[in-house]
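Read the structure below first, then the notes.
These numbers come from a predicted model, not from an experiment. Every heavy atom of this structure was used, including side-chain atoms; hydrogens, water molecules and symmetry mates were not. We count ligands from 1, going down the list as the structure has it; atoms in each ligand are counted the same way.
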Amino acid sequence: MTRRIIHIDLDAFFVSVEQAENPELKGKPVVVGGRPERRGVVASASYEARAFGLKAGMPLATASRLCPRAIFIEGSFPKYREASKRFMAILADFSPFLEPAGLDEAYLDATGFESIYGSTREMALKIKGRVKEELGLGASAGISSSKVVAKVASELSKPDGLLEVAAGDERSFLAPLPVAKLPGIGKKAEQTLTGLGINTIGELSAMPPDTLKRHFGASGEVLRRFASGTDGREVAPPAAARSISRETTFGKDTRNPTLLKATLRYLGERAGAELRRQGKEARCITLKLRYDDFTTITRSQTLSQATDTDQAIFDTGLRLLKKALSREKKAVRLIGIGVSRLAEPRRQLDMLDSSTARQEQLDKAIDHIRHKYGFTAIQTGRTLLLKDVFPESGDGYMLQTPGLSR
Ligand code: TTP
Ligand code: MG
């Protein structure tokens, strides 16, 4: 029996949440990402704004030049996270085979559900209806026998769309589309393919495997299979997060070590708080820097022992930062810190040395206060100066990242 997979993705998600809350914004060019005079990029643009060429990732200043009457909204990540949770809860009512693929998109395996809803199409319509009714949000759905084709179909049907690709039609459906529409093809792969004279997904599917392998390594074979509409990947419930990171762009490029350290400390505390919330420890700390010319570096250090303390995250981050700054004289545009190689803690208490134990107790007390009164209710000395640098969001500083102030 061929599978029936639904891919569903909310339309202009961040913007739609704002429009549902404030109906005056409906039908207008709206951008979430920040004020145009602030640095940063468009996170989400309404379809009215897209008509002017606005899109995610575009600098806010460019967006405002292309569409001067667009309404710019700062946005609030906790609000979108809440909407995402409610969206996923609705989907979970329809199928237990649910795989969230981001805040606003998910795959559902609907094989065999035809008898309940009449057809997969009816099921997708019902889902869209409930999302509209309960959250006030528009969604688009693609239905096919595989994840990759379902995703291309939902994307193509936007906004407020529904597109079903019948079993057997997968290949002919994909064939005429430009290669950039295929999941897995980024800007670079697209350029490589254009250079080889390959413009459509159909042409990609007909490429000799050897040529693909030469240009894309092992992923060449995956691309060829996707391009032919073949994708055996199961709809799988989410695995636990493999890393946690926080980053921000500065209002002005900087080489000020005090500011860089303070920001690193703050971002490390945010990542650390999330790590502890998940009850995990990390073995690897990564620093990320983007310089004023947009070159980006990451530097990682593996720890001899897993940790979840703010101090250990910061100490390691700081070592990496000092090394990076001594090697590169350019000003810093963005700084980030991440923790990875996550594991459940399994040390025994008596193996802790007393300074680590003190750090852990301190973090626990701080987490408790922050949970109750907000993230900036208690601040470590080093980060105090940030109140003059970053705006407050109600629960901590507003970070300039695509993910806002998570
Ligand atoms: P998308 O689903 O890619 O975009 P969208 O929902 O705004 O628009 P549509 O699906 O109709 O094309 O991403 C979902 C949300 O993720 C988006 O509303 C905002 C956020 N996001 C960013 O913050 N930065 C980005 O670069 C992108 C692409 C999305
Ligand atoms: Mg979306």
### Message
Please list, in number order, the atoms of ligand 1 under 4.0 Å from a heavy atom of Ser44.
### Response
7 (O), 17 (C), 18 (O), 19 (C)
### Query
So is Tyr47 in contact with ligand 1, going by heavy-atom distances below 4.0 Å?
yes
### Query
Looking only at atom types and distance, does a side-chain atom of Glu155 sit under 3.5 Å from a main-chain N or O of Lys151, one as donor and one as acceptor?
no
### Query
Pro159 near ligand 1, heavy-atom distance under 4.0 Å?
no
### Query
Quick one: does NZ or CZ of Arg270 land under 6.0 Å from the six-membered ring centre of Phe375, within 45 degrees of the ring axis?
yes
### Message
I need the contact type for Lys158 against ligand 1. Using non-hydrogen atoms and a strict under-4.0 Å cut-off, is it side chain, backbone, both or neither?
### Response
side chain
### Task
Ignoring angles and geometry beyond distance, decide whether Gly57 reaches within less than 3.5 Å of ligand 1 through its nitrogen or oxygen atoms.
no
### Query
Are Arg265 and Phe314 in a cation-pi contact, defined as NZ or CZ under 6.0 Å from the six-membered ring centre and within 45° of the axis?
yes
### Query
Are a donor atom and an acceptor atom from the side chains of Asn256 and Thr254 found within less than 3.5 Å of each other?
no
Just list the side-chain donor-acceptor pairs under 3.5 Å for residues 46-66, sequence neighbours left out, or say none.
| from | atom 1 | to | atom 2 | distance (Å) |
| --- | --- | --- | --- | --- |
| Ser46 | OG | Lys28 | O | 2.9 |
| Ser46 | OG | Val30 | N | 3.0 |
| Ser46 | OG | Glu48 | OE1 | 3.4 |
| Ser46 | OG | Ala49 | N | 3.3 |
| Tyr47 | OH | Arg50 | NH1 | 3.2 |
| Arg50 | NE | Ala45 | O | 3.0 |
| Arg50 | NH2 | Ala45 | O | 3.1 |

### Message
Taking a cutoff of less than 4.0 Å between a non-hydrogen atom of the residue and any ligand atom, is Lys55 in contact with ligand 1?
### Response
no
### Summary
atom 14 (C) of ligand 1: of Asp104, Asp11, Val42, Asp160, the nearest heavy atom sits on Asp104
#### Entry: Lys/Arg N to Asp/Glu carboxylate O, Asp253 vs Arg39, below 4.0 Å
yes
Solution key, residues 165-173 side-chain donor-acceptor pairs under 3.5 Å, sequence neighbours excluded:
| from | atom 1 | to | atom 2 | distance (Å) |
| --- | --- | --- | --- | --- |
| Glu170 | OE1 | Gly168 | N | 2.9 |
| Glu170 | OE2 | Ser145 | OG | 2.5 |
| Glu170 | OE2 | Gly168 | N | 3.4 |
| Arg171 | NH2 | Ser205 | OG | 3.4 |
| Ser172 | OG | Asp169 | O | 3.1 |

Listing, residues 174-192 side-chain donor-acceptor contacts under 3.5 Å, not counting sequence neighbours, or none:
| from | atom 1 | to | atom 2 | distance (Å) |
| --- | --- | --- | --- | --- |
| Thr192 | OG1 | Lys188 | O | 3.0 |

### Query
Among protein atoms, how many N/O/S atoms lie less than 2.8 Å from the Mg ion (ligand 2)?
3
### Message
Under a plain distance cut-off of 3.5 Å, with no hydrogens placed, do Tyr80 and Glu18 share a side-chain donor-acceptor pair?
### Response
yes
### Query
Pick from Thr383, Thr376, Val389, Thr248: which one makes a side-chain contact (heavy atoms from CB on, under 4.5 Å) with Tyr397?
Thr376
### Task
Give the contacting part of Arg50 toward ligand 1: side chain, backbone, both or neither, where contact means a heavy-atom distance below 4.0 Å.
side chain
### Query
Which of the numbered atoms in ligand 1 are below 4.0 angstrom from a heavy atom of Asp9?
2 (O), 10 (O)
### Summary
Under 4.0 Å between heavy atoms, the region of Leu10 that gets near ligand 1 turns out to be backbone
### Query
Does Glu269 come within less than 4.0 Å of Arg246, counting only side-chain N to carboxylate O?
no
### Query
So, is Ala45 polar-close to ligand 1, with some N/O to N/O distance under 3.5 Å?
no
### Message
Is it the case that ligand 1 has an N or O less than 3.5 angstrom from some N or O of Phe13?
### Response
yes
